[in-house]
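Some notes on the structure that comes next.
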Amino acid sequence: MHEPLDSTFYDRDPVAVARELLGKTIVRTMGEDLTTGRIVEVEAYLKHGDSASHAYCGRRRRNASMFGPPGHAYVYAIHARFCLNVVTEPEDVPSAVLIRAVEPLSGLELMEKRRSTDRKLNLTRGPARLCEAFAVDRSLDGWNLTIGEQLWLTNGGIPAPKQIAISVRIGVTSAKDLRLRFFINDSRYISR
DNA sequence: CTACCGATTGACT
DNA sequence: GTCAATCGGTAGA
């Protein structure tokens with residue numbers, strides 16, 4: 001159980017990966033601690049023509065993971081918080097999928113402690129909120145998500161979502177017209 | 001070292 | 001809906 005998705009899943013166009021990521025399970029272990037969640041909202045960031053991508057201006061120290069192998073994490077800091085991406089396409093091709101929201105499945109008590117709130121809807125709704133709930137920070141930047149340790153994604157036996165909605169991405173200040181946000185239409189755990 | 005910025009969030013009207 | 005607090009990362013002096 002909780003078999004990690006392998007690199008062939010990630011080594012594809014980020015739009016395809018983004019759509020198929022919906023309904024998948026994110027797993028985080030820290031010693032005995034376990035948290036899992038169902039992915040309900042993602043955004044794709046493209047290798048070409050996407051001025052909102054952190055890789056748009058080329059390789060930097062911060063975005064180096066986006067140029068790394070598929071199936072690794074890209075964790076960046078923004079507004080004093082962290083956000084988690086999965087890297088797609090082959091090494092040196094900078095594309096990724098941002099995980100924006102998940103539905104908590106297990107380890108709720110841990111998430112409440114890490115988030116300092118017991119309001120279920122605020123635990124994992126939003127890219128930085130879910131990182132806090134899952135204890136994801138820059139130490140996991142570049143982490144290999146295919147080895148099934150500490151942090152990975154799995155099919156988790158959860159059925160694929162029936163209704164997928166598409167919209168423009170949230171918060172970006174350029175490439176505003178690109179509809180690269182994918183979410184499960186009827187989930188209550190969507191970010192605003 | 002200082003100066004700025006942001007793929008956000010929480011508080012507030 | 002609006003707004004600004006927050007701080008890691010980066011660029012530049």
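Letters go in sequence order (proteins before strands), and every chain restarts at 1. Only a predicted model underlies this, so the values are computations on that prediction, with no experimental measurement involved.
Side chains of A:R59 and A:D92 form a contact here, defined as non-hydrogen atoms less than 4.5 Å apart. In this structure, the side chains of A:Y45 and A:V97 stay at 4.5 Å or more apart for every pair of heavy atoms. The side-chain heavy atoms of A:S191 and A:I170, taken from C-beta on, include a pair separated by under 4.5 Å.
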**Asked** Could you write out DNA chain C as a dot-bracket string, with dots for unpaired bases, | for bases paired across to another strand, and Watson-Crick or G-U pairs counted at under 3.5 Å?
**Response** |||||.||||||.
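Heavy-atom minimum distance, A:L22 versus A:F182: CD2-O, 3.7 Å. Taking all atoms of both residues into account, the shortest heavy-atom contact from A:T36 to A:S106 is OG1-OG, 2.5 Å. A:L46 and A:P14 make their closest contact through CD2-CG, 3.8 Å (heavy atoms, listed as atom of the first residue, atom of the second, distance). Across every non-hydrogen atom of A:A133 and A:M111, the tightest pair is O-CG, 3.7 Å.
As judged by a 4.0 angstrom heavy-atom cut-off over every strand, A:A80 is placed among the base-contacting residues.
Partner A:Y189 forms a side-chain contact (heavy atoms from CB on, under 4.5 Å) with one of A:E41, A:R129, A:K120, A:R38 and no other, that one being A:K120.
A straight line from CG of A:D141 to C1' of C:dG9 spans 12 Å, rounded to a whole angstrom.
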**Heavy-atom protein contacts under 4.0 Å, nucleotides 7-13 of chain B, coded B base, S sugar-phosphate only, - none** = BBBB---
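For C:dA11, neither phosphate oxygen OP1 nor OP2 lies less than 4.0 angstrom from any side-chain nitrogen or oxygen of A:R61.
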